[in-house]
Structures are given as C-alpha cells and as structure tokens.
Amino acid sequence: MNIIDLRSDTVTRPTPDMLQYMFQVPVGDDVFEEDPTINALEIKTATLFGMEAGLFCPSGTMTNQIAIKAQTEPLTEVICDYTAHIYQYEGGGIAFNSAASVYLLHGERGKITPEMVKGAIRPDNIHYPISKLVSIENTSNKGGGTFYTLPEIAGIAAVCQENKLSLHLDGARVFNALTAANELPKAYGQYFNSISVCLSKGLGAPVGSVLVGSKDLIRKARRIRKALGGGMRQAGFLAAAGIYALDHHVARLAQDHACARLLRDTLEKCAYVESVLPVETNIVIFTLAPKVETRVFLQKLKEQGILALDFGPRQIRFVTHLDFTETMAEKTCQVLKNISL
Ligand SMILES: *Cc1c(COP(=O)(O)O)cnc(C)c1O
C-alpha cells in the first residue's frame with residue numbers, strides 16, 4: 001500500500017529531477033567560502049528577499065537561533081507570540097544559546113499586532129530586561145497556517161524602528177504566506193533585519209535553511225554558525241537542492257493550498273468532526289467530536305495507509321505538500337467520508 005503522509009511538509013523526498021540536478025553541481029570547501037553552489041544559493045535567496053547576504057545552514061532551528069544570538073545579548077529580551085517555534089519547539093535554545101529573556105504575547109492564531117508589540121516594550125528601568133528583538137512567524141505553524149500580509153508586517157516593523165528593536169522573521173513557510181497573500185518576497189527586505197527561509201518544508205529540499213540579512217549581520221552569523229559546529233564543507237550538493245526548489249517548487253504551492261481546502265470541505269461534513277479551523281495555506285487543523293478518541297481515529301486512518309499528527313487534545317493536523325498528489329487528496333477524502341467511529 002502507498003502511504004499517504006500528512007503529518008508534515010517535511011516528509012517529502014527529493015524528486016528525480018532534483019536529484020539529477022544535485023549530482024552535477026560544482027562544489028568546494030564552504031568554510032573557506034569556496035563552494036560555488038552554496039555561494040549561489042546564498043546570493044539567490046538574499047536577492048529574492050531584497051537583502052544583501054545569506055548563510056546556508058542545516059536547519060531552520062539553526063538559522064533562527066543564530067539570528068537570535070546575533071541580535072541579542074544576556075540581559076536583553078525577545079518578544080514573540082507564545083506559540084512561536086523559536087520558543088516552543090527549539091529545545092529551549094534561546095536560553096541555551098543566547099541567555100536572553102523572552103516576552104510572550106497572546107496573539108490571534110499565532111499572529112501578533114503592532115499594538116501588542118508596543119505594549120511589550122520595557123521601560124528604561126534596571127528591574128527589566130532590555131527589549132531587543134521581535135520575532136514573527138509567517139506562516140504560523142501552531143496557528144494553523146495563518147499568514148501576515150505586507151501591510152500587517154509594515155505595521156509591526158514601524159513599531160520596531162521607532163523603538164530601535166530588530167525584527168526577525170521565522171520564514172519556515174514564507175513562500176506559502178507569499179502565495180496566499182499574492183505578494184513578492186522582494187519587499188520583505190525593507191522590513192526585517194533577518195529572515196530564516198526553510199528549503200526543506202513546502203519547497204521539498206531534503207535539507208537546509210538560509211538566513212538572509214545585511215552583510216554585517218551575516219558576517220556575525222557565519223562566526224556563530226562556526227561556533228555551533230555548523231560550518232560545512234562540500235555541502236553544495238545540498239544547496240543545489242535548494243536552488244532547484246526555489247526555481248521549480250514555489251509556483252506549485254498553490255496546489256497544496258487547494259488540496260488543503262479539499263480536505264477541509266470533506267472534514268466539515270464528517271459527523272465525527274466537531275470543528276475545522278479556517279484553512280489559509282497548507283495546514284488543516286481540526287477537532288474531533290467529544291466522544292471520538294484521537295488514538296482510535298488515527299489508527300483507523302493508518303489502517304487505510306494515511307498518517308496524520310496528534311496536535312493536542314482531540315486535535316489533528318494535516319499538512320499538504322509536494323508528495324501529496326491530487327489523486328491522494330481524492331483518496332483521503334474518500335477514506336474520511338467512509339470512516340465510522
Ligand atoms: C519546521 C519549522 C522550523 C525549523 O525546523 P527545522 O526542523 O529545524 O528545520 C522553524 N519554524 C517553524 C515555524 C517551523 O515549522
């Protein structure tokens with residue numbers, strides 16, 4: 001049986017064309033900054049987002065944590081939503097790497113507002129940490145794929161500029177956000193000091209994230225990456241997958257969003273589903289009816305070859321991606337309709 005894996009958009013395998021492309025790129029020692037393919041990916045990503053420079057890292061956790069380390073110091077504070085990946089799902093990395101404090105906001109489905117940021121800024125008083133960095137997530141993972149539009153980002157950026165705070169973007173799914181908002185990445189550079197762009201989520205590369213920012217910030221980031229043990233050598237073969245993904249896998253994200261809406265439409269009609277969160281991009285989060293056991297539901301799906309994620313009390317998450325075809329979407333809808341609980 002062909003497994004249909006809806007647990008995350010990280011489960012994709014490189015396509016045959018991507019693999020072919022990876023095999024034939026030139027590589028070199030990137031710690032000497034001599035890997036032409038990594039250099040090309042870094043410049044390509046930076047240029048796309050209207051930034052000066054980029055740094056290729058093994059994971060989005062590393063690009064986020066380096067951005068935080070480079071823009072904070074002990075006794076300072078990071079402001080973010082309480083659902084933020086940098087706070088919830090990076091192993092306590094902010095405390096470990098940066099010894100910085102965190103001010104948690106309670107946004108709407110992972111999204112914060114300029115007013116919330118304003119209210120979180122500390123007065124100049126030695127009792128408080130020094131407000132330093134604001135971090136937002138686009139799309140918001142825990143928020144169920146909600147996205148910020150450029151005007152919303154501009155509002156938060158204005159508060160940061162007025163108060164001399166840096167602004168970081170966790171862009172694990174930034175291309176999903178841009179697709180849904182029908183916007184181009186170029187404008188992001190003027191609002192953010194740093195952006196983490198994941199290549200291994202919706203874009204389908206096997207590994208990697210790129211941190212983009214000013215030349216000065218990226219020079220500092222390169223030093224931190226080295227200290228974390230993230231300086232890689234002939235990793236251009238991996239960077240090639242990222243270049244291929246940026247060239248070929250961005251335009252198709254709209255299909256993932258359409259498949260997510262198909263799943264939502266079916267789920268809304270299922271008696272065993274209590275509610276489905278609005279679907280904005282490629283994430284579908286739904287709540288099972290009170291008498292339905294999550295474990296039993298997931299087991300029934302699994303028996304039909306479908307994998308999904310337990311996402312909290314009676315909550316289930318589906319994420320659509322490159323390896324989830326329209327045929328699989330139809331089959332999944334069929335299975336959902338026929339499940340008896
Ligand atoms: C996946 C993800 C990351 C980075 O995860 P890695 O597995 O370290 O690449 C960062 N932020 C968000 C919102 C994510 O979903």
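One-based numbering, in listed order, for ligands and for the atoms of each. Model, not experiment: these values are computed from the prediction.
Of the listed residues (Ala172, Cys57, Gly60, Pro58), the one carrying the non-hydrogen atom nearest atom 9 (O) of ligand 1 is Gly60.
Glu90 and Asn64 share a side-chain donor-acceptor pair at under 3.5 Å. At a cut-off of 3.5 Å, with distance as the only test, a side-chain donor of Ser194 or Gln71 sits close to an acceptor on the other residue. Between the side chains of Asn282 and Asp9, a donor-acceptor pair is found at a separation under 3.5 Å. Looking only at atom types and distance, the side chain of Asp247 has no donor-acceptor partner in the side chain of Tyr21 under 3.5 Å away. Side-chain atoms of Thr15 and Asp17 form no donor-acceptor pair, as typed in the model, at a separation below 3.5 Å.
In Ile86, neither the side chain nor the backbone holds a heavy atom less than 4.0 Å from any atom of ligand 1.
Ligand 1 has at least one atom lying under 4.0 Å from a heavy atom of Arg173.
Taking the six-membered ring where the residue is Trp, the centroids of Tyr244 and Phe23 are separated by 6.0 Å or more.
Between Lys142 and Asp81 there is no salt bridge, since no side-chain N of the basic residue sits under 4.0 Å from a carboxylate O of the acidic one.
Regarding atom 1 (C) of ligand 1, its nearest protein heavy-atom neighbour is Lys201 NZ, 1.3 Å. Of all protein heavy atoms, the one lying nearest to atom 8 (O) of ligand 1 is Thr61 OG1, 2.6 Å.
The shortest N/O to N/O separation between Thr139 and ligand 1 does not fall below 3.5 Å.
The Glu137 neighbourhood of ligand 1 comprises atoms 13 (C), with distances under 4.0 Å to a heavy atom of that residue. Shown in contact with Ser59 at under 4.0 Å from a heavy atom are these atoms of ligand 1, numbered in order with element: 8 (O), 9 (O). Within the listing of ligand 1, atoms 10 (C), 11 (N), 12 (C), 13 (C) sit less than 4.0 angstrom from a heavy atom of Asp170.
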